[in-house]
Undergrad: 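My questions will all concern the structure given below.
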Amino acid sequence: MKSTDRAKRFSENFKQRITRQQALALAACAHCGICADSCHYYKVTGDPKMTPAYKADRIRRVFKRQFDWTGRFIPWWVGAEAVSEDEQLEELKEIFFGCCTGCRRCTINCPFGVDMAGLVSLTRSLLIDENMGPTGLIKVMRDQWTTGNQMAISDQDYLETLRWLQEEVREELDDPGVTIPVDKKGADFLYIVNPREIKYAPMSLMAATKIFHSAGLNWTMGSKGWDNTNYGLFSGKADLGRHMCNLAFTQAKILGVKQLVVSECGHGFRSMKWEAPIWGVKVETPIQVVSVLQLLAELISRGIIALDPRRNPLPVTYHDPCSLSRSSGLTEEPRYCLRRACLDFREMTPNRINSYCCTGGGGALSMTEYTPLRLRVTRIKASQIAATGAVSVVTSCHNCADGLADVIKANKLTAEVEPGVHRPVTVRTVCDCVANALILDSVSKQPLEPSKKL
Amino acid sequence: MDSRETSNTALFFLTELHTLALLFLVTAYAIKIAELMQKFSVETITPRTSKTLRAVCYAFALLVIPWRMDSYRRDPLRYAEFAVLHLAIATAIGTFATLQWTRAFCTREIVAIGLRGVFLSGAIVGLVRLCRRIARREMRLISTPDDYFSLLLVTAWLVSGWLAVPFAKELYLIVFLTIGTVCLFYEPFSKLFHYLYWPFLRYYMGQYFGHRGVYPVRPDSADQSVQNYKRYL
Ligand code: SF4
Ligand code: SF4
């Protein structure tokens with residue numbers, strides 16, 4: 001069969017770009033099927049085409065046709081198949097954009113450690129090169145390239161929002177000294193945020209401002225390079241990944257800060273901290289990348305801020321963002337903060353690196369064509385949350401916050417606020433809980449007695 | 001059948017063919033590893049940390065601490081299956097490779113009972129897995145002819161091993177050695193070769209998760225972990 005030009009290019013690029021880790025992941029799978037139950041897509045739908053192994057096999061067959069000893073000569077025997085038609089590419093698109101969030105839950109549950117996220121990244125980048133990326137994702141990528149942020153927020157809107165938020169916090173704290181500094185040279189750290197915090201969820205930035213102000217921190221935001229999100233990660237496009245990281249690192253360099261503090265964004269932190277070196281981001285002066293969660297945990301543990309957990313009296317649970325837990329190892333800091341900021345903290349089961357994806361990971365929120373399936377598979381997260389009886393689900397990622405909002409809405413998830421009174425479960429962030437528990441007038445220098453829940 | 005003739009055939013398998021098969025396998029290993037190193041460049045990885053070695057060890061150790069993996073913790077029977085089958089295969093390979101020297105040892109009653117037990121339980125697991133692969137839709141969908149054939153071959157080999165021990169009956173011995181030889185020649189062209197990749201994958205996995213502080217997963221409480229972290233301010 002004659003291959004289409006697209007298919008030919010796809011195959012050729014696949015051969016060129018595949019790394020050793022990806023080749024191993026494709027060569028090693030023993031088709032044992034143990035990973036099936038790890039995937040929320042399979043677990044909820046029961047559709048055999050949703051198992052991680054089946055999904056990976058769609059690209060594995062291309063690998064086997066090109067590299068496997070048997071696959072090259074007797075392809076049908078080992079399930080090898082060349083990509084020759086555009087329909088095959090469409091199928092890959094459907095699977096690698098629409099049926100996998102690259103959450104890595106299957107990876108840690110596979111006896112080999114077959115890294116699905118690596119395969120997703122490779123396949124997505126190849127498809128995007130063939131103009132086969134989902135429209136929403138491509139639009140966000142374009143916005144990041146052209147405006148430096150994923151929501152195409154203009155400089156003017158951004159700066160005005162910061163000024164407005166500053167006023168709001170001043171009013172709330174009745175303290176005219178509160179500032180949201182912008183481009184302050186000599187600050188200790190540059191705080192970079194998720195554009196959602198500017199456009200839709202300003203409470204989160206207000207919460208951070210309150211905390212930083214109370215702790216007397218010397219911080220700043222940047223007029224440029226302020227978006228910590230990175231669609232280079234979701235698209236597998238290293239050039240975009242590099243570009244977004246460089247924007248922030250350049251701003252940090254201009255301002256002479258030593259630290260970049262990344263707000264509550266799972267993939268944003270992961271990109272800045274861990275993917276940047278892989279994408280080849282070179283930073284001349286060492287700039288430490290820190291998550292705001294690490295900062296909060298330290299502020300609390302050193303007694304720089306004091307919290308009163310009674311201000312968050314209702315039960316809360318915590319959702320581990322995949323990019324923070326399975327891909328960055330940040331599982332304990334948020335718990336440390338929540339146990340001190342909330343009176344009733346309850347663990348979801350399973351949690352930490354075994355937690356299920358919120359279903360909004362991997363850029364899924366931007367790919368609306370796959371929303372019906374995504375909403376369907378929210379059931380597993382919904383049952384995890386419901387089992388805790390928590391009134392709020394706290395997370396430390398704005399992407400997950402949107403994903404969780406969909407989980408709650410799609411499953412009509414309610415919790416008992418007081419005997420006999422039910423209301424929809426709410427989504428909160430760690431910053432929000434900490435800020436709400438902040439004892440503003442008596443910033444303690446002594447560690448607070450741990451709450452009884454510890 | 002003339003017993004001397006049969007003995008000669010067995011001798012041929014023991015000394016010539018199975019040595020050839022082992023040599024072939026070692027050569028195939030070497031070629032595959034060379035290919036892996038040459039054809040695919042390693043993805044840039046994040047800088048080393050002091051925990052890298054521990055994390056790599058942890059990634060390997062997960063093989064024997066299955067309760068740390070959610071999938072096996074929830075389905076311990078699957079782990080038991082895995083352990084029994086792979087132990088049986090390793091025993092079969094070991095027996096096959098050394099039989100010309102260890103044949104007398106294998107005839108000891110206690111050793112023979114042990115070997116029989118290992119081969120039989122491995123064969124039962126092989127059959128269970130084969131049935132599962134055929135019966136369950138999600139397994140059928142990911143199975144290739146090679147998957148079925150490899151499993152069938154290995155199961156047959158283990159059954160022949162069970163019948164052959166203590167290697168007194170020449171016919172069974174020849175069947176065991178023949179299937180073993182076929183297995184070894186077939187291995188590099190099949191999914192049976194997956195174990196060659198296992199150490200590489202676990203190494204990269206350990207490195208990857210180790211740098212990021214995901215591995216080794218510690219059962220520490222949140223408090224201990226935070227106190228142990230370095231200061232950021
Ligand atoms: S658990 Fe790993 S080896 Fe087994 S089918 Fe899944 S990806 Fe393949
Ligand atoms: S990475 Fe996550 S979503 Fe993708 S197949 Fe694995 S478990 Fe499923």
Undergrad: Go through B:Met37, B:Lys191, B:Arg129, B:Lys39 and name the one with the most non-hydrogen pairs under 4.5 angstrom from chain A.
TA: B:Met37
Undergrad: Around atom NZ of A:Lys49, are there more than 12 heavy atoms of other residues, nucleotides or ligands at under 6.0 Å?
TA: no
Undergrad: Which one wins on heavy-atom pair count under 4.5 Å against chain B: A:Val114, A:Asp57, A:Val78?
TA: A:Val78
Undergrad: Could you measure the distance from the CG atom of A:Leu24 to the CE atom of B:Met205? Nearest 0.5 Å is fine.
TA: 13.0 Å
Undergrad: Heavy atoms only: give me the nearest A:Ile34-B:Ser71 pair and the separation to one decimal.
TA: CG1-CB, 4.0 Å
Undergrad: Which atoms of B:Tyr148 are under 4.5 Å from chain A, going by heavy atoms: the side chain, the backbone, both sets, or neither?
TA: neither
Undergrad: Are the side chain of B:Arg202 and the backbone of A:Pro111 linked by a donor-acceptor contact shorter than 3.5 Å?
TA: yes
Undergrad: Flag yes if more than 12 heavy atoms outside A:Trp274 fall under 6.0 Å of its CH2 atom; otherwise flag no.
TA: yes
Undergrad: Give, as side chain, backbone, both or neither, the part of B:Asp147 having an atom under 4.5 angstrom from any heavy atom of chain A.
TA: side chain
Undergrad: Is a side-chain donor or acceptor of A:His31 paired with a backbone partner of B:Ile142 at a separation under 3.5 angstrom?
TA: yes
Undergrad: By a 4.5 Å heavy-atom criterion (distance strictly below it), what part of B:Arg136 contacts chain A: side chain, backbone, both, or neither?
TA: neither
Undergrad: How long is the straight-line distance from OG1 of B:Thr144 back to CZ of A:Arg60, given to the nearest 0.5 Å?
TA: 10.5 Å
Undergrad: Between A:Asn109 and B:Asp70, is there a donor-acceptor pair closer than 3.5 Å when you use the side chain of the first and the backbone of the second?
TA: yes
Undergrad: By a 4.5 Å heavy-atom criterion (distance strictly below it), what part of B:Phe193 contacts chain A: side chain, backbone, both, or neither?
TA: neither
Undergrad: Nearest 0.5 Å, please: how far is CZ in B:Phe82 from SG in A:Cys32?
TA: 9.0 Å
Undergrad: So, taking the atom named CZ in B:Arg212 and the one named CG in A:Leu330, what distance separates them when rounded to the nearest 0.5 Å?
TA: 11.5 Å
Undergrad: Which bit of A:Ser327 comes within less than 4.5 Å of chain B, counting heavy atoms only: side chain, backbone, both or neither?
TA: both
Undergrad: Closest approach of B:Arg73 and A:Asn354, non-hydrogen atoms and distance?
TA: NH2-ND2, 3.3 Å
Undergrad: What part of B:Tyr203 lies closer than 4.5 angstrom to a heavy atom of chain A: side chain, backbone, both or neither?
TA: neither
Undergrad: Of all of A:Met50, A:Gln22, A:Arg105, A:Lys258, which one pairs up most often with chain B through heavy atoms under 4.5 Å apart?
TA: A:Arg105
Undergrad: Shortest non-hydrogen contact from A:Arg20 to B:Leu36?
TA: NE-O, 3.5 Å
Undergrad: Would you give the length of the straight line joining atom NE2 of B:His194 to atom SG of A:Cys29, rounded to the nearest 0.5 angstrom?
TA: 9.5 Å
Undergrad: Under 4.0 Å between a side-chain nitrogen and a carboxylate oxygen: does that hold for B:Glu43 and A:Arg17?
TA: no
Undergrad: Quick check on side-chain contact (heavy atoms from CB on, under 4.5 Å): which of B:Met139, B:Arg137, B:Arg140 does A:Pro48 satisfy it with?
TA: B:Arg137
Undergrad: Shorter than 4.5 Å, heavy atoms on both sides: which option in B:Pro188, B:Ser143, B:Pro145, B:Pro66 has the most such pairs with chain A?
TA: B:Pro145
Undergrad: Name the region of A:Trp279, side chain, backbone, both or neither, that has any atom closer than 4.5 Å to a heavy atom of chain B.
TA: neither
Undergrad: Does the side-chain contact (heavy atoms from CB on, under 4.5 Å) test come out yes or no for B:Asp146 and A:Thr70, once each step is laid out?
TA: CA-CA 10 Å; B:Asp146 170 50; A:Thr70 313; over 6 Å; no
Undergrad: Determine the interplanar angle of the B:Phe40 and A:Phe63 rings, folded into 0 to 90°, and report it as parallel if under 30°, tilted if 30 to 60°, perpendicular if over 60°.
TA: tilted
Undergrad: Hey, which of A:Pro350, A:Pro334, A:Cys110 has the most heavy atom pairs under 4.5 Å with chain B?
TA: A:Cys110
Undergrad: Could you tell me if the side chain of A:Asp37 sits less than 4.5 Å from the side chain of B:Arg74, heavy atoms only?
TA: yes
Undergrad: side-chain contact (heavy atoms from CB on, under 4.5 Å) between A:Tyr54 and B:Glu138: does it pass, once the steps are laid out?
TA: CA-CA 8 Å; A:Tyr54 179 85; B:Glu138 80 276 10; over 6 Å; no
Undergrad: So what's closer than 4.5 Å to chain B heavy atoms on A:Cys106: side chain, backbone, both or neither?
TA: neither
Undergrad: At what distance, to the nearest 0.5 angstrom, does CG of B:Leu62 lie from CD1 of A:Ile108?
TA: 9.5 Å
Undergrad: Looking at B:Ala59, B:Ser41, B:Ser150, which has the largest count of heavy-atom pairs under 4.5 Å with chain A?
TA: B:Ser41
Undergrad: In terms of ring plane angle, is the pair B:Phe189 and A:Trp69 parallel, tilted or perpendicular, where the classes change at 30° and 60°?
TA: tilted
